[in-house]
Number of protein chains: 2
Amino acid sequence: MSKGSKKSTLSLAALGAVARRFRALADPTRLALIQELMQGERTVGALHAAVGTSQANASKQLAALAAEGVLARRREGVYAYYRIADPSIHALCELVCDSLARRHQDAWAQVAQEVGA
Amino acid sequence: MSKGSKKSTLSLAALGAVARRFRALADPTRLALIQELMQGERTVGALHAAVGTSQANASKQLAALAAEGVLARRREGVYAYYRIADPSIHALCELVCDSLARRHQDAWAQVAQEVGA
DNA sequence: TGGCAATATCCCCATGTGGTGATATTCCTA
DNA sequence: TAGGAATATCACCACATGGGGATATTGCCA
């Protein structure tokens, strides 16, 4: 079980940590919250209004993202301002979006080819 | 509901697709299978032995990853060879690993600072 | 201090899903 | 063609989790 010997083989614990990070991003509501935060710091109220979910759910999902280190929270009086804490989030979402776009493009091309043939 | 006017705002459907892609990577067993496949094409038998899960579960998880476009399958007689179909997987995992490593490093630094103070 | 607004937490439910054992399917070979 | 090995599928269970309503907590202001 000593993991460090091989060059890039991760232990089960490390795989679990990576999985939890991915799981934090594996929900449309949380992605919508993150997308809103791409434009800058926002309060819980503004976020739950923009995303269209309940205040309770927005607070819960934001807390989950903050617990995973994806977001950071700042208190200012009654307001709680959330912001993106992990700069890699941008690159992650871009990578996935590009991959999905290419996949859809390929699917279209294949359909066109089949129809044309 | 039509929100496509802004430049980089994704629709709910698009967010769902991105979420499903992330969800495919949000499991330690599936990540272990992918990690094994980083070294090249493998059969289901070799993968379930290397990862340490049951044959049924390995087959199910591999099928799920293939359905999401992450993996591709090739039949050769009785054997089913799986391989990584989406090249962005490497970059995705590297990004997350680097981010987690930096986070742990920062946590250590903070502990050291608190102890030293 | 009383009241209101913003946020977090608690309880509950419905659904999704990882895992397993048993079974079906498919293909090779003797 | 019969048997066996590799893979996929099915039925099922246990559990995690997204979501909502109600409520608690906190801080501001009149």
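Naming convention: chains lettered A, B, ... in sequence-line order (proteins, then strands); numbering from 1 in each chain. Atoms considered below: every heavy atom in the structure, side chains included; atoms not considered: hydrogens, waters and symmetry mates.
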Judged by nearest nucleotide, the residue sitting upstream toward the 5' end of DNA chain D, Lys60(A) or Gly77(A), is Lys60(A)

Could you check how far CG of Leu62(B) sits from C1' of dG19(C), rounded to whole Å? 14 Å

Under the criterion side chain to side chain contact (heavy atoms under 4.5 Å, CB included), I'd like the reasoning laid out for Ile34(A) against Ile84(A): C-alpha separation, chi angles, the key distance, then a yes or no. CA-CA 7 Å; Ile34(A) 291 173; Ile84(A) 295 179; 4.3 Å; yes

Please state how far atom OH in Tyr79(A) lies from atom P in dA5(C), giving the value in whole angstrom units. 10 Å

What is the distance from CD of Glu76(B) to C1' of dT26(C), rounded to the nearest Å? 15 Å

For side chain to side chain contact (heavy atoms under 4.5 Å, CB included), just list the numbers for Glu41(A) and Tyr82(A), CA-CA rounded to whole Å, side-chain angles, deciding distance to a tenth of an Å, and then say yes or no. CA-CA 6 Å; Glu41(A) 222 179 28; Tyr82(A) 280 89; over 6 Å; no

I need the residues from residues 41-57 of chain A with at least one non-hydrogen atom less than 4.0 Å from DNA chain C; give them sorted by number, or say none. Thr43(A), Val44(A), Gly45(A), Gln55(A), Ala56(A)

Please determine whether residues Leu62(A) and Met38(A) belong to a single hydrophobic cluster, defined as Ile, Leu, Val, Met, Phe, Trp and Tyr linked transitively by side-chain heavy-atom distances below 4.5 Å. yes

Under 4.0 Å between a side-chain nitrogen and a carboxylate oxygen: does that hold for Asp86(A) and Arg102(B)? no

Starting at atom CG of Leu65(B), determine the distance to atom P of dT7(D), rounded to an integer number of angstrom. 16 Å

5' precedence on DNA chain D between Arg30(A) and Arg75(A) (nearest-nucleotide basis): Arg30(A)

Length of the line joining Arg74(B):CZ and dT26(C):C1', which is rounded to integer Å: 17 Å

Rounded interatomic separation in angstrom, taking CZ from Arg20(B) and P from dG18(D): 17 Å

Think Ser59(B) has a side-chain N or O under 4.0 angstrom from the OP1 or OP2 of dT9(D)? no

Given atom CZ of Arg23(B) and atom C1' of dA16(D), what is their separation to the nearest angstrom? 10 Å

Common cluster, Tyr81(B)/Val44(B), ILVMFWY with side-chain heavy-atom separation under 4.5 Å: no

Length of the CG-C1' vector between Leu33(A) and dG19(D), whole Å: 13 Å

How would you label the contact of Tyr81(B) with the nucleic acid (heavy atoms, under 4.0 Å): base, sugar-phosphate, or nothing? nothing

What's the separation between atom NE2 in His90(B) and atom CG in Leu95(A), rounded to the nearest 0.5 Å? 12.5 Å

At less than 4.0 Å, is any side-chain N or O atom of Tyr82(B) found next to OP1 or OP2 of dA8(D)? Yes or no. yes

Nearest non-hydrogen partners of Gly69(B) and Ala85(B), listed with the distance: O-CB, 3.8 Å

